[in-house]
Amino acid sequence: MQIKRLNVSGEGLNRFFGSLEAKIMDILWSSDGLSIKEVQAILNQDNPISVNAVMTVMNRLLDKGHLTKRQTGTGRNQAAQFSTVQSREQFLSEQTKAVSQGLIQEYGSLVVNHMIDALDDVDQETIAKLERKLSEIKRGKKE
């Protein structure tokens, strides 16, 4: 699933989600599945929020394909449990790859130059990985 809009000025998950969506995703990534009321109770610890607001956002995340929903219990004890479709790591890997590829396709060498300039702040392990990848690309083009 691909995020439709990227908030360039946002930080962390707020680049991909609205602030309440990001908080809900964080909560669900650290659980095995929770009901709307359970998520609302966790959010209430920081700021009061209505169950309806949480329900609306969670259902939107479900519609967007970020959450799954399953019914648990029976009768009066029945509740919907929400879980994330992907792990946090899978989500971030997929989204950052899509953003990088999109920027390179649209802006080409300009983006690559900016990424190279940003390497000044990168650890040696990342630079070594980049060097290995560049060597692989060069070998592939010679064959």
Side-chain angles (χ1 to χ4, degrees), residues 1-140:
M1 84 212 63
Q2 190 168 350
I3 296 293
K4 302 279 187 249
R5 290 189 192 150
L6 179 70
N7 178 1
V8 177
S9 62
E11 291 185 19
L13 290 175
N14 289 342
R15 288 186 190 270
F16 304 106
F17 296 111
S19 62
L20 184 53
E21 287 178 326
K23 288 176 187 173
I24 289 170
M25 290 299 291
D26 258 341
I27 290 167
L28 290 171
W29 272 319
S30 62
S31 75
D32 290 332
L34 297 171
S35 69
I36 291 169
K37 287 183 180 181
E38 290 169 324
V39 171
Q40 186 255 350
I42 293 167
L43 289 168
N44 254 349
Q45 294 172 2
D46 291 331
N47 288 312
I49 187 164
S50 73
V51 171
N52 286 339
V54 175
M55 179 176 58
T56 298
V57 173
M58 288 177 70
N59 281 318
R60 284 186 188 152
L61 287 167
L62 179 70
D63 292 343
K64 291 177 184 179
H66 298 294
L67 300 180
T68 61
K69 176 175 140 180
R70 67 181 175 82
Q71 295 295 328
T72 61
T74 57
R76 297 181 91 161
N77 294 327
Q78 189 172 6
Q81 293 282 309
F82 290 80
S83 301
T84 59
V85 171
Q86 298 175 297
S87 71
R88 178 189 194 96
E89 293 75 21
Q90 290 169 323
F91 172 82
L92 290 174
S93 177
E94 185 179 290
Q95 297 309 314
T96 55
K97 182 176 183 177
V99 168
S100 299
Q101 288 175 333
L103 288 171
I104 289 171
Q105 286 173 357
E106 192 165 344
Y107 301 107
S109 62
L110 183 62
V111 171
V112 173
N113 287 335
H114 289 303
M115 288 181 180
I116 290 169
D117 289 342
L119 291 175
D120 291 340
D121 300 327
V122 174
D123 61 86
Q124 289 301 312
E125 183 180 325
T126 301
I127 291 174
K129 186 175 181 181
L130 176 61
E131 288 172 339
R132 287 190 299 274
K133 185 65 175 178
L134 288 171
S135 292
E136 289 174 18
I137 291 170
K138 287 178 185 178
R139 280 193 302 270

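Here, residue 1 is the first one in the sequence, and each next residue gets the next number. Because only heavy atoms are used, hydrogens play no part in the values below, and waters and symmetry mates are left out as well, while side chains stay in.
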Should the heavy atoms of other residues, nucleotides or ligands under 6.0 Å from [atom1] of [X] be counted, would the total exceed 12?
X	atom1	result
Q71	CD	yes
D123	CG	yes
E11	CD	no

Say whether, by atom type as modelled, one donor and one acceptor occur between the side chain of S93 and the main chain of Q90 under 3.5 angstrom.
->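 Not a single qualifying donor-acceptor pair exists.
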Expected output: side-chain T72 to main-chain A79 donor-acceptor under 3.5 Å =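 Yes, because the side chain of T72 sits within donor-acceptor range (under 3.5 Å) of the backbone of A79.
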For [X] versus [Y], what's the shortest heavy-atom pair and its separation?
X	Y	answer
V57	L20	CG2-CD2, 3.6 Å
A22	L13	CB-CB, 3.7 Å
M55	I36	CG-CD1, 3.6 Å
F82	K69	CZ-CD, 3.5 Å
M25	L61	SD-CD1, 4.0 Å
N44	I49	OD1-N, 2.8 Å

Is there a side-chain contact between L130 and V122 (heavy atoms, below 4.5 Å)?
->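 The answer is no; the side chains never approach within 4.5 Å.
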Should N59 and L62 count as side-chain neighbours, where that means a heavy-atom distance under 4.5 Å?
->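 The answer is yes, as the side chains (C-beta and beyond) meet within the 4.5 Å cut-off.
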Reported [atom1]-to-[atom2] distance for the pair [X] and [Y], which is rounded to 0.5 angstrom:
X	Y	atom1	atom2	result
L92	R15	CG	CZ	11.5 Å
I127	R132	CD1	CZ	12.0 Å
S87	E94	OG	CD	10.0 Å
M115	S109	CE	OG	12.0 Å
R88	L28	CZ	CG	12.0 Å
D121	T126	CG	OG1	11.5 Å

Which residues satisfy the salt bridge (Lys or Arg N to Asp or Glu O under 4.0 Å) test with E38, sequence neighbours excluded?
->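 E38 satisfies salt bridge (Lys or Arg N to Asp or Glu O under 4.0 Å) with no other residue.
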Taking the six-membered ring for Trp and the full ring for Phe, Tyr or His, determine whether the centres of F17 and H66 are under 6.0 Å apart.
->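 Under 6.0 Å, so yes.
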Would I24 and L43 satisfy side chain to side chain contact (heavy atoms under 4.5 Å, CB included), going step by step from the backbone distance to the final call?
-> CA-CA 8 Å; I24 289 170; L43 289 168; 4.0 Å; yes
